[in-house]
Amino acid sequence: MTDGIEISGAAPSALIDAFADNFARGAELGARFTAIQDGEIIADIWAGHIDRNKETPFTDETLCCIYSSGKAPMAFLLARAVSAGALDYDRPVADYWPDFAENGKEAVTLAMALSHQAGLCGFPDEMPPEDWINWDVICSRLAAMAPLWPIGSASGYHPQTVGFIGGEILKRATGRSIGETLREEFFNAAGVDLHCGLAEAEMARVSYMQKPPSAPVHRQNSRYTEIAFLKPWSAPARVAREDWMAAELPASNMHGTASALAEIMHPLANSGVDLGGRKILDEDAINRALQIRISGEDLVLPFDLSWAAGLMANNFGQFGPSNSAYGHAGFGGSCVVIDPEKRLSFAYVMNKMSPSLVGDERFIRLANAV
C-alpha cells in the first residue's frame, strides 16, 4: 500500500510511486502497467476498481477496452505475416484484395495503408452507424471508395478504417481474421489475454469505462477530421454494448490487459524473440515494420507525426523520454510502447478516460519512471 493506494504486483519503487501518484491525484479509477525488457517482466502493477461505485477490485484478470492502442498489435500481426512471407509491405493492397483497386487505389501499398496515406480516413457520405459492426459491408464500401486526397501525399489518421484494411489483408493472406489469430494463436495457445471480438465468457471480465469529462481537442476546420471523427456515422452507434464487444473492430475495440499488450508487442523490441524465447520475427521484417514511411502535418490529427507501418515514432515525447521509442495510444489514455534500442516494451490500460488522444499525463509519468 502506497499513500493509501493498495497496489498489487511488483515494480521498481520509482514506478510504484508514479503509479500511486496518478491515483492520489484522483486521475484513476482502475489501472495496470506492465514493462518487459530482454524477455523478462520487470514491472507489472495494478490497482483500483472496475466499477463506478468502487466495490469490485481491479485485478490481473480485468480486461479494459484499449481503443486505438489496438492498432499496435494489428501492426505486429501484419509484421509477423511479412516475416513469414505471406505479405510484403511494398506490394499493393490490391494484390491481396483485388476489389480494393477500384477508384484509383491500385497503387496503395500495405505500408501506405498502415501509415494512413490511403486517403480513406472515413466515409464522407451518410451511412447507418450500426454498419460498423458488419465487416463485409464496411470492406465493400472501402473497396469501392475513391481516396479523399492524393494517395501517398500526406498522412491522415484513419481511426476506424485502417483496422478493416489491415484485418482484411491479414485474413486474405493467412486465412484468419485478427480476432481469430489472437484467440487461437495467442490467447488459447499462450494465455496472452488480448481479444478482438470478445467471447461471452470474457465479457464478464470487462471493466466499466468512465467517459472523459470533455471532448478531445481535434484539428480545427478540417474536412478530413470531420469525416474521421465528427460525423454522426464516424464511429459505431445504435448497437447493443454486447454486440459491439463481440464485433471485430481492430482499430478501436480490442480488449485486453497491460501484460498482454506489452507481451504481444515485445518481439518488435527484442530482435523478434517472444517471452517464450522463440524467434517469431526476422530482423528484416522488424526493420521494415519500423521504417518511417511519412512525416509531417497529419491531415486529421492536430499533430506533426512520423508514421512507420502502423506505429508512430516518438517525435514529440508522446511515448516518454526515449528517442528510439515507437508506439500507439488509444483515446482516453491507454498506450503501448516498444523501444528496440533498450529491448523494452511497456503498456498502460485504465478505465477512467481523459480527453487525451495521445500523450496522456498519467502515462507520461509512468513512461518517465520506467
Side-chain angles (χ1 to χ4, degrees), residues 36 66-89 91 93 96-97 109-116 135 139 158 160-198 247-257 259-276 278-291 293 307-312 326-328 330 334 336-338 340 345 347:
I36 303 170
I66 60 173
Y67 297 100
S68 286
S69 293
K71 293 179 174 75
M74 180 182 75
F76 160 74
L77 293 180
L78 289 162
R80 195 179 69 138
V82 169
S83 183
L87 291 173
D88 186 326
Y89 286 120
R91 284 182 61 182
V93 171
Y96 310 103
W97 180 5
T109 65
L110 174 59
M112 289 170 63
L114 294 177
S115 53
H116 302 269
W135 186 271
C139 286
H158 293 36
Q160 299 286 345
T161 54
V162 72
F164 288 86
I165 297 169
E168 184 68 9
I169 293 168
L170 188 74
K171 183 166 63 173
R172 287 170 179 261
T174 69
R176 285 180 173 169
S177 70
I178 286 174
E180 290 167 342
T181 303
L182 290 175
R183 186 179 311 115
E184 295 170 17
E185 300 183 33
F186 291 89
F187 181 56
N188 293 345
V192 180
D193 208 356
L194 184 66
H195 310 267
C196 183
L198 283 168
E248 288 197 25
L249 300 170
S252 63
N253 82 336
M254 284 195 195
H255 291 75
T257 66
S259 174
L261 197 51
E263 178 176 348
I264 200 167
M265 296 301 293
H266 193 63
L268 281 168
N270 195 38
S271 298
V273 179
D274 68 8
L275 264 64
R278 295 164 299 204
K279 181 88 168 180
I280 63 172
L281 292 175
D282 63 42
E283 296 287 350
D284 181 63
I286 295 172
N287 291 336
R288 294 172 70 199
L290 300 182
Q291 175 186 338
R293 305 290 175 162
W307 282 105
L311 298 177
M312 301 178 198
Y326 298 77
H328 212 296
S334 68
V336 59
V337 171
I338 62 163
S345 65

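Since the model is a prediction, treat every value here as computed from it, not as a measurement.
Considering only residues two or more places apart in sequence or on other chains, W97 meets the side-chain hydrogen bond (donor to acceptor under 3.5 Å, both in side chains) condition with none of them. When the side-chain hydrogen bond (donor to acceptor under 3.5 Å, both in side chains) test is applied to Q160, the partners found at least two apart in sequence or on another chain are S252. The side-chain hydrogen bond (donor to acceptor under 3.5 Å, both in side chains) check on D193 picks up H195, R205, with sequence neighbours excluded. Scanning for side-chain hydrogen bond (donor to acceptor under 3.5 Å, both in side chains) contacts around D88 gives R288, with sequence neighbours left out. With sequence neighbours left out, H266 forms a ring-ring contact (aromatic ring centres under 6.0 Å, His included) with no residue at all.
At a threshold of 4.5 Å between non-hydrogen side-chain atoms, the residues V192 and L275 do not count as touching. Looking at P340 and I286, their side chains never come closer than 4.5 Å, going by heavy atoms from C-beta outward. You'll find the side chain of L249 stays beyond 4.5 Å of the side chain of W135, heavy atoms only. Proximity of E263 to F186: side-chain heavy atoms (C-beta onward) are nowhere separated by under 4.5 Å. Taking the side chain as every heavy atom from C-beta outward, W307 and M312 approach each other to under 4.5 Å. No side-chain heavy atom of L170 sits less than 4.5 Å from a side-chain heavy atom of R176. For the pair V336/I66, no side-chain contact is recorded, criterion being any heavy-atom separation below 4.5 Å from C-beta on. Residues S68 and H328 are in side-chain contact: their nearest non-hydrogen atoms beyond the backbone lie under 4.5 Å apart.
Taking both residues in full, the closest heavy atoms of A309 and Y89 are given as CB-CE2, 3.6 Å, listed atom of the first, atom of the second, then distance. The heavy-atom pair separating A347 from A262 by the smallest distance is CB-N, 3.8 Å. Of all heavy-atom pairs between P250 and G163, the closest is CG-O, 3.5 Å.
The pair K171-E168 meets the salt-bridge criterion, with a side-chain N (NZ, NE, NH1 or NH2) lying under 4.0 Å from an Asp/Glu carboxylate O.
Y326 places no side-chain N or O within donor-acceptor distance of the main-chain N or O of A308, the cut-off being under 3.5 Å. Remark: side-chain polar atoms of K279 are paired, donor with acceptor, to backbone N or O of S271 under 3.5 angstrom. Panel note: side chain S69, backbone S334; a donor-acceptor pair is recorded below 3.5 Å.
Rounded to the nearest 0.5 angstrom, D274 CG and L268 CG are separated by 11.5 Å. The line from NE2 of H255 to CG of L182 is 13.0 Å long, rounded to the nearest 0.5 Å. Interatomic distance, L198 CG to N253 CG, rounded to the nearest 0.5 Å: 7.5 Å. Note that the CD1 atom of I36 and the OG atom of S259 stand 6.0 Å from one another [nearest 0.5 Å].
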If you look only at distance, which donor and acceptor atoms sit under 3.5 Å apart when one is on a side chain in residues 72-81 and the other is two or more places apart or in another chain?
{"from": "R80", "atom 1": "NH1", "to": "E185", "atom 2": "OE1", "distance (Å)": "2.9"}
{"from": "R80", "atom 1": "NH2", "to": "E185", "atom 2": "OE1", "distance (Å)": "2.6"}

Worked verdict on M265 versus L311 for side chain to side chain contact (heavy atoms under 4.5 Å, CB included)
CA-CA 11 Å; M265 296 301 293; L311 298 177; 4.2 Å; yes
